[in-house]
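Inspection log for the structure reproduced underneath, given as structure tokens.
One-based numbering, in listed order, for ligands and for the atoms of each. Computed from heavy atoms alone, side chains included, the values below leave out hydrogens, waters and symmetry copies. Counting from 1, the numbers follow the sequence of the chain as shown.
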Amino acid sequence: LTQLVYFITGVAGSGKTALGKLLSEHWNIPFADADDFHPPENIAKMRAGIPLTDDDRAGWLHALNAYAIEQLQSGSIVIACSALKNAYRTRLCASIPPHQVRWIHLRGDYDLIRQRMEARGGHFMPAALLQSQFDIYEQPTQGWVFDVKNSLDQIFQRIKIIMQPTFGVIGLGVMGRNLARNLARHQVPLSLYNRFVAGQEERVAERAVAEFPELATAKPFEDLKAFVASLERPRKVFLMVNAGAPVDEVLEQLWPLLEPGDIVMDGGNSHYEDTRRRQEQSLQKGIHFLGVGVSGGESGALNGPAIMVGGDTDAYAQVAPFLEQIAARDAGTGLCAALVGPQGAGHFVKMTHNGIEYAEMQLLAEVYSVLRWEMGHTPDQVADILSEWMQDGQRSYLLEITINILRRREGNGWLLDVISDKAAHKGTGSWASIAASELGVPVTMMTDALFARFVAALQPYRHELSAIYPPWERPVELSISTLKYAYAFARVINHHQGFMMIQAASKHYGWQISMPEVARIWTNGCIIRSDLMLESVHNLTEYGDLLRSTSVQAQIKRDYPALQDTVAHLSYSRRAYPCLMGALTAFNGLTTHTSSAHLIQAQRDYFGAHLYERTDDQSGQKYHTNWE
Ligand code: 6PG
């Protein structure tokens, strides 16, 4: 057995000592409290309410490190130590081989910890010093992190689960590799499998282990049977392969090797109906199958993605402690990971996320087009304008990356100008539009954005037609602030439509998805994180529907003329602005009391005897007229 030193870190009052004692009793190994290593000068200083400096702490950290090294000669040990900064943590584990160190970080809300400190007695550290600890605290980059709003026992149970080796990752493309690295950084023991395809995918797992230091202790496999055999029961396997047939192919090979109780998580962008089918197939074999929506691209996978899980609660409880380690954190003390519902709910929510993402991206492309082509600003100037919008309520990850893209130079020009405008897509946007049609939800903006990509993809045809119908001059006169308000308005409509879609699916499938919870998971880690999403959490909690929120009402009433002006002026342009224009149409449609659809009903009845309801009969009775 490897001898380990468990460092439990956190500010004063976070519960390090209590947890340390519990673990030391459970594992029957010694416990040391770093407080006992302070020289008398340090204790006197803290007693007097004076924060310690780096210099004050240097000798103390050195002594603790020497003690840990000495203890490791005879066995494992648990040491509770605040270790507030990364440099302190590095000092604590100096000269100890990394595979012998485990970090357990306790984090929590200032008010909660302050309350606990005030309630405890007999400690030299006055509660007033707590703020000084929060001020210098640096988020750890390695190790297990637990929120102290959970009880000691809950944290203890999670540690027990998370210590069970071993977690398996199948598929080491960029997303799988980064998720594996993220898990490894949180001390999760890993087995990694990537298939062998001669000349294309050879020794992929082995190379990942060699390339990334954090994967050094992971076991690489190219043989699925040996990979499965390396996992402890109940096995936990994260599938990170391309959506569609590849998932079924891997499952066909995997199922005979697994046993009842094992858990398979599909972390790709799978279709939610496929997930439902795979869950049923797995269930017949007693195997749990979770559809896990993972958002945040490659950097999210590595540093903290948003995770939307669909499946059964028992299986989720067994993998939650792992997912909680690797997920992004929201603005409060929550995690951007949750079980959003049963069956394909997780993948449905992820698909809708991507639909919203499509429209957010298209809106930015349209705003850029107006600023650059209609108003004549250079990409750098557009970036400057958008940077101001960032400060002015429109902060979002997609806006941020757009600004960076606009500033990227190549040679004397902009890199953007040599990127082909043939837009591509991988399917989730079109699935979202299909699902919306099947559910009968008018999510026009993601569909407009999807079709805009299709139009862009018709590049040769566009080139031909643009020669037949060359642009004609009719200037667009629009102010930057009008455009900004129109953009803000359109984003609200896009988000509203996305949430409507999830609500409709939740009702249709009986998933009971919580809208505020989905918005909360989307506040960090994912591609559509933004200030608007943060506000949406509140609005959905209070009003259940974005358009019913009083603050949204005020915003819309303020911005409506701007969207109208924008659409009116853009109608002079020869460029297409489907999402800006579509937002106005969508809003007008939803807020129209008496629509022209009575004519549609009459036409349907005229040619097909499809019947209609009458406004003067509320009983639901259907009528037919002999129109001829
Ligand atoms: C995410 C992204 C991610 C991926 C999309 C791209 O949330 O991390 O949405 O899933 O970038 O699948 O989709 P398209 O290729 O269809 O644009």
Taking the non-hydrogen atoms of [X], is any one of them nearer than 4.0 angstrom to ligand 1?
{"X": "G296", "answer": "yes"}
{"X": "C526", "answer": "no"}
{"X": "R453", "answer": "yes"}

What is the closest protein heavy atom to [atom], and at what distance does it sit?
{"atom": "atom 16 (O) of ligand 1", "answer": "Y358 OH, 2.4 Å"}
{"atom": "atom 4 (C) of ligand 1", "answer": "N269 ND2, 4.4 Å"}
{"atom": "atom 7 (O) of ligand 1", "answer": "S295 OG, 2.5 Å"}

Is the ring centre of [X] less than 6.0 Å from the ring centre of [Y]?
{"X": "W255", "Y": "F289", "answer": "no"}
{"X": "H425", "Y": "F454", "answer": "yes"}
{"X": "F238", "Y": "F322", "answer": "no"}

Would you check if there is a donor-acceptor pair between the side chains of [Y] and [X] at a distance under 3.5 Å?
{"X": "R407", "Y": "S387", "result": "yes"}
{"X": "Q394", "Y": "R491", "result": "yes"}
{"X": "D314", "Y": "H288", "result": "no"}

Within the 4.0 Å heavy-atom shell around [X], which atoms of ligand 1 are there?
{"X": "G297", "answer": "8 (O)"}
{"X": "N354", "answer": "5 (C), 7 (O), 9 (O), 10 (O), 12 (O)"}
{"X": "I527", "answer": "1 (C), 2 (C), 7 (O), 8 (O)"}

Atom CG of L251 and atom CD1 of I170: how far apart are they, to the nearest 0.5 Å?
-> 8.5 Å
Between [X] and ligand 1, does any nitrogen or oxygen pair lie at a separation below 3.5 Å?
{"X": "T428", "value": "no"}
{"X": "E357", "value": "yes"}
{"X": "V294", "value": "no"}

So, are R158 and E324 salt-bridged, with charged N and O less than 4.0 Å apart?
->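 Yes.
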